[in-house]
Protein chains: 2
Amino acid sequence: MTPHPRNGRAPSVKDVAAAAGVSLGTVSNVLNRPSVVSAATRERVERAMAELGFVRNESARQLRAGTSRALAYVMLDGGNPFFHDVAEGIETAAEAADLSLFVCNSNGRSDREAKHIDRLVQQRVQGILITPVDPDAGHLTEIAQRGIPFVLVDRFSRSGGHCSVAVDDVLGGRIAVEHLIDRGHRRVAFVGGPSSIGQVRERLQGARAVWAEFGMPEEDLIHLPTEAMTVNEGRSAGERLAGLPSRRRPTAAFCANDLLALGLLQHAVTAGLRVPDDLAIVGFDDIDFAAAAAVPLTSVRQPRQELGRTAARLVLDEATNPDHVHEQATFVPALVARASTGTVRR
Amino acid sequence: MTPHPRNGRAPSVKDVAAAAGVSLGTVSNVLNRPSVVSAATRERVERAMAELGFVRNESARQLRAGTSRALAYVMLDGGNPFFHDVAEGIETAAEAADLSLFVCNSNGRSDREAKHIDRLVQQRVQGILITPVDPDAGHLTEIAQRGIPFVLVDRFSRSGGHCSVAVDDVLGGRIAVEHLIDRGHRRVAFVGGPSSIGQVRERLQGARAVWAEFGMPEEDLIHLPTEAMTVNEGRSAGERLAGLPSRRRPTAAFCANDLLALGLLQHAVTAGLRVPDDLAIVGFDDIDFAAAAAVPLTSVRQPRQELGRTAARLVLDEATNPDHVHEQATFVPALVARASTGTVRR
DNA sequence: TTGTATGCGTTATCAA
DNA sequence: TTGATAACGCATACAA
C-alpha cells in the first residue's frame with residue numbers, strides 16, 4: 001500500500017476505477033458481487049485497491065443502505081465488571097452477525113444515558129440494548145416510538161412493550177438465604193439498596209419468602225439499606241453491622257451484589273472477624289473478583305455472557321423479523337458456594 | 001413527537017421542509033446557522049421537526065464532512081479495570097470536544113485488534129488510541145501511513161514515530177522495591193511476565209536497580225515469571241513461592257500489576273499466611289479493587305484517568321493542528337501504601 | 001461482463 | 001432572508 005493521500009482525502013471507488021482503468025460500477029461489483037466480474041479485471045481492480053490503500057467508507061455505505069451495521073449497549077456502571085461480561089456476550093453475538101457494537105456507559109446518570117441514546121439514534125444503530133438508570137424513563141419509550149429495536153438488559157419489562165432479559169431475582173434471593181439457613185445461620189442481614197432498584201426489592205422479597213417458609217422470626221432477617229451498590233457502601237454496611245448489639249448481630253450477610261459483598265468482607269477482615277466463622281457472606285452476580293477475593297465469595301451466579309448473547313439475539317430478531325413478538329427472557333440463577341460460607345455452624 | 005414512519009424511513013430534512021412549507025436549505029439553516037433565519041420561519045421549522053421527530057442522520061453529515069466526529073480506544077484487556085479507568089479519562093476529553101468515543105476490546109488477541117482497527121478505519125474515525133497487543137505489529141504502522149492520528153496508550157513509542165502516553169515503569173519498579181526495603185525486607189520476589197511485555201521488563205529493571213543500589217545480593221531478588229497478568233497467574237505464583245525452601249523464601253512480593261497481586265493475596269490467605277507479617281505484597285496500577293481487597297493492597301499508582309485525557313488531547317492535536325509534533329508523555333507513578341505492606345519488620 | 005445514471009441525507013455555495 | 005443546486009462515496013437498476 002502506497003500512501004496516495006489525494007488532497008488529504010482517502011481514495012474512493014472512483015479513484016480505484018480511474019487507477020484500474022475501469023468504471024466505478026465495476027469496482028463496486030468487485031466489492032459486492034465479485035463473481036460477476038471477469039478474473040482479469042477483478043485482479044486489476046484488486047491491485048489498484050491495494051496500491052491506493054482503498055478502504056470502504058462506512059458512512060457512505062450506511063447512507064446508501066439506510067441503516068448502520070451496528071448495535072449499541074448502554075451499560076449502567078462501567079466500574080462493575082458484571083456489565084462488561086454482559087457486553088462481551090453481546091459482542092460475541094454481534095460479531096457473529098457481522099455487526100459492530102458500540103459500548104456506552106451511563107455511569108448511573110440519567111443525563112449521560114439520554115445523551116448516549118441521542119447519539120445512537122443519530123448514528124441510526126440497528127438496535128439498542130440498555131441497562132437503564134430508570135426503566136420507566138421517558139427517553140426509553142421514545143426509542144420504541146422511533147421504531148428502533150430495543151431490549152432491556154438485566155431488567156424486566158413490566159409492560160411487555162419490549163423485550164427484556166434478566167434472571168429471576170426473587171429466586172436468587174431465595175437460593176442465597178436458603179443456603180445460609182442450610183449452613184445453620186439463624187440471624188441474617190440483607191445488605192442492599194436503594195429500594196428504588198427493582199432487583200434489590202426482589203432479592204429481598206425472595207430472601208424474606210424463604211425465611212418465612214422455614215419458620216424463622218421476621219425480625220431476625222435484618223435489612224441494612226445502602227445508598228448504592230458499591231464497595232464503599234458495603235464497607236459502611238459492615239460498620240453498621242458491627243455496631244449492632246451482639247444478641248441482635250447477624251452471623252451471616254446476603255449482599256445484593258458482589259461489590260457490596262467485597263466491601264463487607266474487607267470491613268470484616270479489618271475488624272478482625274473471621275469469615276465465615278464469625279460472619280458468613282453471600283454476594284450476587286458472581287463476578288470474577290468474587291472468586292478472586294482473599295476469602296473466595298459464595299455468590300449467586302447470573303449467566304452474564306448468556307444474558308448478553310440472548311439480548312443481542314432478541315434485538316436482532318426485532319430488527320429483521322417482521323413477525324417478531326416481544327419476549328421476556330428469564331434465566332435461572334445458581335448458587336456458587338465458596339469459602340465465605342464454608343462451614344456448617346455448630 | 002408523532003411517529004411518522006414514512007415508509008419505514010426516518011424523516012429527513014426534506015420531509016421537515018415539506019411539512020414546514022419551506023425549502024430544504026432553510027431547514028439546514030435552522031440547524032446550522034439559526035441566526036440567519038427569521039424567528040417566524042425558524043419556529044415553524046422547529047415545530048415541524050418536533051412534530052416529525054426529526055433526528056439528524058450522522059452518516060450523511062459524516063459523508064458530507066468527509067470525517068466522522070468520533071475517536072476510538074482499542075483496549076488490551078477489558079477484564080482489567082485499569083483500562084476502563086483510562087477509557088473514562090479519554091471519554092471525558094472526547095466529550096469536551098463534542099466527539100463520540102468508540103471503545104473496543106482486543107482481549108489480548110492480535111486478530112481481534114486488527115479487526116477492530118479495520119472497522120475503525122472504515123468508520124473514518126478522527127483518531128485511534130490504542131494499547132496494543134504488540135507495539136511493533138504491522139497494522140499499527142499502517143494506521144499511521146493512512147494518515148490517521150494515533151496514540152499509544154500505556155506504552156512507549158520507541159521510534160518516536162507517533163505520540164504515546166505512559167508512566168515511567170522503571171521508576172515505578174524502583175519505588176515499589178525501595179518501599180519494601182524500607183519496610184525491612186531483605187528477600188523479595190518480583191512476580192510478573194511474560195517478559196515480552198516491555199512494562200514487565202522495565203518494572204523488573206527498576207526493581208533490580210534499586211536493589212543493587214542498596215547493596216542487596218542479586219540472588220535475593222527472585223523473579224517468579226508468570227504467563228499472563230491475571231489473578232489466576234498470581235495464585236499460581238503464590239504456590240511456587242510457597243514451595244521455595246524457607247531460607248530462600250521471600251518475605252515480600254512486588255507484582256507487576258494488581259490482578260497478580262490479588263491472586264497472590266488470595267493464595268497467601270488461603271495458605272494461612274498473614275499479610276503483611278508473613279508476606280508483604282505490592283501491586284501496580286492501583287485499580288479500585290486494590291483498595292477494596294480484604295487486606296488493602298499497597299500499589300504503585302498510575303494516573304489512569306489522566307493518561308486517558310492526555311492521550312485524547314494528543315490525538316486531537318494531531319488531528320487538528322498542522323504543526324503537530326509527536327510527543328511522548330511520561331507520567332510519574334506514586335506509591336500508595338496500604339495494609340498489605342503495613343508494618344516495619346523487626 | 002462492463003458502463004452509466006440515480007439517489008441516500010446533509011451541508012454549503014450561490015442566486016434571487 | 002429564502003430557495004435551488006451540487007457534491008460527499010457507495011450500491012444498484014438498467015443499458016450496452
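Predicted model only: the values in this text are computed from it and were never measured.
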Any side-chain N or O of [X] under 4.0 Å from OP1/OP2 of [N]?
| X | N | result |
| --- | --- | --- |
| A:Arg56 | D:dG9 | no |
| A:Arg64 | C:dT6 | no |
| B:Thr26 | D:dT2 | no |

For the pair made of [atom1] in [X] and [atom2] in [N], what is the distance, rounded to whole Å?
| X | N | atom1 | atom2 | value |
| --- | --- | --- | --- | --- |
| B:Asn57 | C:dG9 | CG | P | 7 Å |
| B:Glu43 | D:dT1 | CD | P | 16 Å |
| A:Leu63 | C:dT10 | CG | C1' | 8 Å |
| B:Gln123 | D:dC10 | CD | C1' | 15 Å |
| A:Gln62 | C:dT10 | CD | C1' | 13 Å |
| A:Arg44 | C:dT1 | CZ | P | 15 Å |
| A:Lys14 | D:dA11 | NZ | P | 14 Å |
| B:Leu31 | C:dT10 | CG | P | 8 Å |

Among [options], which nucleotide has an atom closest to any side-chain atom of [X]?
| X | options | result |
| --- | --- | --- |
| A:Ser23 | C:dT10, C:dT4, D:dT12 | C:dT4 |
| A:Ser38 | C:dA12, D:dG3, C:dT1 | C:dT1 |
| A:Val22 | C:dG3, D:dT12, C:dA12 | C:dG3 |
| A:Val36 | C:dT13, D:dG3, C:dT2 | C:dT2 |

(message) Using a strict threshold of under 4.0 Å (side-chain N to carboxylate O), is an ion pair present between A:Glu113 and A:Arg109?
(response)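 No, A:Arg109 and A:Glu113 are not salt-bridged.
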Looking across every strand, which nucleic acid part, if any, lies under 4.0 Å from [X] by heavy atom: base, sugar-phosphate, or nothing?
| X | answer |
| --- | --- |
| B:Val13 | base |
| B:Arg124 | nothing |
| A:Gly66 | nothing |

(request) Map B:Ala65 and B:Asn29 onto DNA chain D by nearest heavy atom, then report which one ends up closer to the 5' terminus. (result)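 Closest to the 5' end, via its nearest nucleotide, is B:Asn29.
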(request) Find which nucleotide of DNA chain D each of B:Leu24 and B:Thr41 is nearest to by heavy atoms, and output the residue with the more 5' nucleotide. (result)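 The residue closer to the strand's 5' end, by nearest nucleotide, is B:Thr41.
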(request) Give the ring-plane orientation class for B:Phe150 versus B:His162, where under 30° counts as parallel, over 60° as perpendicular and anything between as tilted. (result)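 Tilted.
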(message) With no hydrogens and no angle check, just 3.5 Å: does a side-chain donor-acceptor pair link B:Asn107 and A:Glu88?
(response)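 Checked: B:Asn107/A:Glu88 side chains pair up, N/O donor to acceptor below 3.5 Å.
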(request) Look only at the side chain of A:Thr26 and the backbone of A:Val22, and say whether a donor-acceptor pair between them is shorter than 3.5 Å. (result)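 Judged by distance alone, no pair lies under 3.5 Å.
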(message) Between A:Arg44 (side chain only) and A:Ala20 (backbone N and O only), is there a donor and an acceptor less than 3.5 Å apart?
(response)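 Checking the backbone N and O of A:Ala20 against the side chain of A:Arg44, a donor-acceptor pair under 3.5 Å is found.
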